[in-house]
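Naming: A, B, ... by sequence-line order, numbering from 1 per chain.
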Amino acid sequence: MKIWKKLKFPAQEFNLENTLVNGQCFNWRKIGDHHYEGVFSKYYVQVKRDNDAYVQYSTIPPNENPEKEQLFEDQFKSYLNYDANIPELYEHWAQKDKRFSQIAEPIHGVRCLRQDPWECTVSFICSQCNNIKRITQLLETLRKTVSQIVALNQQSQFGSEICEIDQDDGTRRKIYQFPTVEQLQTATEKQLRELMFGYRAKYLVAISKQIVDKGGQNWLESLRGQPNEKIREELTSLPGIGSKVADCIALFSLDCANSIPVDTHVFQIALKLGYVKGLKKDSSLNNKLYLQIVQAFRDKFGDKAGWAHQIMFAGDLKSFQEKISNSNSANTSAQNSKKRKIDEIKDQEEEKEEEEIKVQDVDTKRETRSKRRKLN
DNA sequence: TGTTGACCTGACCA
DNA sequence: GTGGTCAGGTCAA
């Protein structure tokens, strides 16, 4: 029998789907309408929303006394950045960018999570040249298998099993917590390759060892509160972590709300919206351009630009495109009228900017034609 | 200093 | 059925 706890959390401030499966984390799975399951800390957690004011959650194991319950709630609230006023931030960002104002409603209630830095590190190393579905699968495999690897390598007799849960088909499913740095350190490259981690296997093995040498989980957590540049420098000194992965770890787990991970999606956004003057679709994403795009997002969205970036990023994902187009076509004429007035003002401001993009597009096309001719 | 190709795997599409 | 391409990058030459 599950015990459900209520947490006051209006829907505009926290949308489960838009937050838990938008590509910032890979430990949640949809199991029903507005209902998700996941592994958080040492708990199997289900979270659901059945009214606009509250979300409800249950944990396995349950917390047997009020102190433990309070401790879990505090931990969960911290994970959800509970104190951040998301609607206020949305309003601010929507005033700064027309595209943001278009996606704000369909992708409402996105919260940037404050994840565990180790799990976040492993997750984004796995994200290299990979898609969300497969990253999620790889991390699930890692949780399931690592306790067997630990036992096999005789480093520890303790696994990391949390519980067994009943499934609809009558079978039972074991749930495991995420392996610690020390546990993953016991795995070999060969073992991880067999689990289909591919070339990322060698990074995971090397990085586990180096982080353990630096002080393990405590070292990673000690990076919280350090200057952004220092965090970047420390993380990129580790094998398999470049600028993009370092910025993901900083943004999603180390309290750097203005970190901007520039990947192919963010590059496309910067290109389409003309954030960087002279940016072309075949521009090579070198370090200089990377930092220009970062600066452009910071200039536009301010000190929590990383959080705004995550919403813009989600807006570029295929899984969110349908939501956006449905929402746009369902807008009532009254809404449209109000929106039109706001848009008119923005249009005037951005008209100049868009002219520049058109010029860039023409340049790009001209260049492509020229290249093609040369090839022919 | 900037550019390029190798690196694992699986889904998708023609 | 098969081969090409791409997917939230990094690294070394």
message: Let's see if you can work this out: which of dA7(C), dT9(B), dG2(B) has an atom nearest to the side-chain heavy atoms of Arg134(A)?
response: dT9(B)

query: Do Lys6(A)'s NZ or CZ and the ring of Tyr54(A) fall within the cation-pi criteria of under 6.0 Å and 45°?
result: yes

- prompt: Who passes salt bridge (Lys or Arg N to Asp or Glu O under 4.0 Å) against Lys190(A), sequence neighbours left out?
  reply: Glu194(A)

Side-chain N or O of Asn286(A) closer than 4.0 Å to phosphate OP1/OP2 of dT3(B): yes

- request: Would you confirm whether the ring centroid of Trp28(A) sits within less than 6.0 angstrom of the ring centroid of Tyr36(A)?
  value: no

field: Nearest-Å distance once atom P is located in both dC8(B) and dT2(C)
entry: 25 Å

task: Assign Asn22(A) to base, sugar-phosphate, or nothing according to its heavy-atom contacts below 4.0 angstrom with the strands shown.
output: base

- request: Take atom CE of Met196(A) and atom P of dC7(B), then tell me their distance rounded to the nearest Å.
  value: 18 Å

- request: Give the rounded distance in Å between these two atoms: OH of Tyr199(A) and P of dA12(C).
  value: 14 Å

task: Starting at atom CG of Asn131(A), determine the distance to atom P of dC6(C), rounded to an integer number of angstrom.
output: 14 Å

Flag, side chain of Gln217(A) to backbone of Asp116(A), donor-acceptor distance under 3.5 Å: no

message: With rounding to the closest Å, how many angstrom separate the P atoms on dG1(C) and dT9(B)?
response: 22 Å

- request: Check every strand shown and say whether Ile125(A) touches a base, only sugar-phosphate, or nothing at a heavy-atom separation below 4.0 Å.
  value: nothing

Residue met sooner reading DNA chain B from 5', once Cys129(A) and Leu285(A) are mapped to nucleotides: Leu285(A)

- line: Between Glu189(A) and Asn287(A), whichever has its closest DNA chain B nucleotide further toward 5' is Asn287(A)

- prompt: If pairing requires Watson-Crick or G-U wobble contacts with both distances under 3.5 Å, which nucleotide is the partner of dC8(B)?
  reply: none

task: Using whole Å, report how far CG of Leu195(A) lies from C1' of dT9(B).
output: 13 Å

Phosphate contact (dG2(B) OP1 or OP2) by Ser284(A) side-chain N/O below 4.0 Å: no

field: Cation-pi geometry met for Lys48(A) and Trp4(A) (6.0 Å, 45°)
entry: yes

- request: Measure from CD1 on Ile293(A) to P on dG9(C) and round the result to the nearest Å.
  value: 13 Å

- request: Determine the interatomic distance between P on dG9(C) and the same-named atom on dT1(B); round to the nearest Å.
  value: 25 Å

- request: Rounded off to whole Å, could you give me the CG-to-P distance for the Leu204(A) and dC7(B) pair?
  value: 19 Å

- prompt: Contact class for Phe197(A) vs. all strands (heavy atom < 4.0 Å): base, sugar-phosphate, or nothing?
  reply: nothing

Rounded interatomic separation in angstrom, taking CG from Asn130(A) and P from dC6(C): 16 Å

task: Check whether any side-chain N or O of Arg193(A) sits under 4.0 Å from OP1 or OP2 of dC8(B), and answer yes or no.
output: yes

message: If I take atom NZ in residue Lys288(A) and atom C1' in nucleotide dG2(B), what distance separates them, rounded to the nearest angstrom?
response: 11 Å

- request: Indicate, with a heavy-atom threshold strictly under 4.0 Å, whether Leu238(A) touches base, sugar-phosphate, or nothing.
  value: sugar-phosphate

message: Please determine whether any donor N or O and acceptor N or O are separated by less than 3.5 Å between the side chain of Tyr290(A) and the base of dG9(C).
response: no

field: Residue among Ile86(A), Val110(A), Asn258(A) satisfying side chain to side chain contact (heavy atoms under 4.5 Å, CB included) with Trp307(A)
entry: Ile86(A)

